[in-house]
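Position 1 is the first residue of the sequence, and the numbers go up from there.
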Amino acid sequence: MSTLVHSSELLTVEEYLAGELRADSKHEYLGGVIYAMAGASEEHNVIAANLIGLLHSQLRGKSCQPFGSDMKVRLRTFGDTYFYYPDAMVACDPSDSGHPWRERPSILFEILSEETRRIDEREKRFAYFQILSLQAYVRVEQGAPEIVVERRGTGEWEYQKLSGLEAVLELPGLVIPLAALYERISF
């Protein structure tokens with residue numbers, strides 16, 4: 001992710017949203033500063049397509065809606081507004097619609113790369129944990145069949161690491177075999 005600041009002054013939320021409508025590429029917004037999104041590898045795209053397919057098929061006919069990487073998540077913390085583009089999300093609150101972002105997602109997914117790992121594991125993790133509706137944050141490795149899921153527990157977040165193609169990720173209303181998530185990926 002590289003910084004792309006358009007002026008010496010911070011952008012307002014309205015300026016950012018108007019700019020995203022005209023932009024050739026996506027940008028994340030962190031309290032007035034925008035950052036250009038990095039491109040994704042072939043493996044990232046295959047995993048993302050598998051994930052969206054699994055989410056869509058398992059949530060069909062249910063109240064929760066899956067979204068891919070073009071849907072932003074908006075959060076407000078410490079007096080600032082942030083917009084991130086997670087690789088996938090599940091949103092279950094029907095009143096949280098009508099705009100190109102969600103503020104009350106239930107599950108957020110990030111597919112890790114060496115370029116985004118630090119941001120996904122630290123900055124986004126901290127920011128996402130501020131979202132009161134969030135029930136799980138899932139980080140998916142590209143180079144190995146391995147995921148980390150952190151679930152909201154009673155008072156603290158619970159950490160779980162799953163490895164190997166035989167492992168299965170279980171989340172509310174979802175059962176995701178890692179073999180299906182990593183289909184067409186060679187290790």
Side-chain angles (χ1 to χ4, degrees), residues 1-45 47-49 51-52 55 64-143 147-152 156-157 159:
M1 197 182 278
S2 62
T3 305
L4 182 66
V5 180
H6 291 288
S7 72
S8 59
E9 295 183 25
L10 299 177
L11 291 178
T12 66
V13 168
E14 294 76 19
E15 290 168 329
Y16 162 72
L17 292 172
E20 279 300 273
L21 292 174
R22 298 185 312 272
D24 293 334
S25 60
K26 297 184 290 190
H27 303 83
E28 294 184 328
Y29 177 90
L30 297 129
V33 179
I34 62 170
Y35 295 87
M37 299 290 296
S41 68
E42 179 178 347
E43 291 81 6
H44 181 284
N45 281 291
I47 294 166
L51 177 58
I52 291 300
L55 294 175
C64 294
Q65 173 74 40
F67 291 98
S69 62
D70 285 335
M71 179 61 76
K72 295 181 278 295
V73 63
R74 175 183 173 160
L75 61 114
R76 296 176 203 174
T77 186
F78 303 113
D80 285 320
T81 299
Y82 296 81
F83 286 95
Y84 291 108
Y85 284 97
D87 291 312
M89 82 169 84
V90 174
C92 300
D93 183 341
S95 69
D96 187 19
S97 63
H99 34 73
W101 67 81
R102 292 295 178 266
E103 290 183 299
R104 294 180 294 282
S106 296
I107 306 169
L108 293 172
F109 296 85
E110 293 289 357
I111 301 168
L112 302 178
S113 69
E114 291 310 311
E115 295 78 24
T116 65
R117 176 179 306 282
R118 194 175 122 278
I119 291 167
D120 293 339
E121 290 180 341
R122 297 177 70 190
E123 175 188 313
K124 287 186 177 182
R125 179 179 178 270
F126 176 77
Y128 290 166
F129 282 10
Q130 308 307 306
I131 302 171
L132 297 178
S133 63
L134 191 67
Q135 296 303 304
Y137 177 39
V138 181
R139 295 185 301 278
V140 180
E141 290 289 344
Q142 285 186 60
I147 63 169
V148 168
V149 59
E150 291 183 86
R151 293 176 177 84
R152 188 179 299 274
E156 294 197 18
W157 286 85
Y159 177 94

### Message
Please check if the number of heavy atoms outside L21 that lie under 6.0 Å from its CG is greater than 12.
### Response
yes
With sequence neighbours left out, the residues meeting ring-ring contact (aromatic ring centres under 6.0 Å, His included) with Y85 are none
For residues 98-109, run the donor-acceptor check on the side chains, cut-off 3.5 Å, and write out each pair with its distance to 0.1 Å, sequence neighbours left out.
from : atom 1 : to   : atom 2 : distance (Å)
H99  : ND1    : W101 : O      : 2.8
H99  : ND1    : W101 : NE1    : 3.3
H99  : NE2    : S97  : O      : 3.3
R102 : NE     : D96  : O      : 2.8
R102 : NH1    : H99  : O      : 3.1
E103 : OE2    : R74  : NE     : 3.4
E103 : OE2    : R76  : NH2    : 3.4
R104 : NE     : D93  : OD2    : 2.6
R104 : NH2    : S95  : OG     : 3.1

Answer yes or no: is there a side-chain heavy-atom contact under 4.5 Å between M37 and S69?
no
Shortest non-hydrogen pair, A88 vs L55, comes out as CB-CD1, 4.2 Å
By side chain to side chain contact (heavy atoms under 4.5 Å, CB included), A23 pairs with (sequence neighbours left out) E20, H27
Check your understanding: Are E123 and Y84 linked by a side-chain donor-acceptor pair shorter than 3.5 Å?
Key -> yes
#### Entry: Main-chain N/O of E110 paired with D120 side-chain donor or acceptor, under 3.5 Å
no
Applying salt bridge (Lys or Arg N to Asp or Glu O under 4.0 Å) to R125 and not counting sequence neighbours gives E150
Residues passing the side chain to side chain contact (heavy atoms under 4.5 Å, CB included) test with R151, sequence neighbours excluded, are A136, V149, Q160, L169, L171
Rounding to 0.5 Å, atoms CZ (F83) and CD1 (I34) come to a distance of 12.5 Å
Disulfide bond (SG atoms under 2.5 Å apart) pairs touching residues 64-143, sequence neighbours excluded, are C64-C92
Q.
Are L51 and D87 packed together at the side-chain level, in the sense that at least one heavy-atom pair is separated by less than 4.5 angstrom?
A. no
Answer yes or no: is there a side-chain heavy-atom contact under 4.5 Å between H44 and S113? no
Quick one: does any side-chain atom of Y29 pair with a main-chain N or O of L17 as donor and acceptor, under 3.5 Å?
no
Nearest heavy-atom approach of G68 to I52 is CA-CD1, 3.6 Å
Taking every heavy atom of I47 against every heavy atom of E141, the minimum-distance pair comes out as CD1-O, 3.9 Å
Original post:
So F129 and W157, would you call those rings parallel, tilted or perpendicular, with 30° and 60° as cut-offs?
Top reply: parallel
Those residues at least two apart in sequence (or on a different chain) that pass side-chain hydrogen bond (donor to acceptor under 3.5 Å, both in side chains) with Y16 are none
Salt bridge (Lys or Arg N to Asp or Glu O under 4.0 Å) filter on E114, not counting sequence neighbours, yields R117
Sorted by chain and number, sequence neighbours left out, side-chain hydrogen bond (donor to acceptor under 3.5 Å, both in side chains) with Q65 holds for none
Contacts of F126 meeting side chain to side chain contact (heavy atoms under 4.5 Å, CB included) (sequence neighbours excluded), chain-then-number -> F78, Q130
The reported gap from CG in L75 to CG in L30 (rounded to nearest 0.5 angstrom) is 9.0 Å
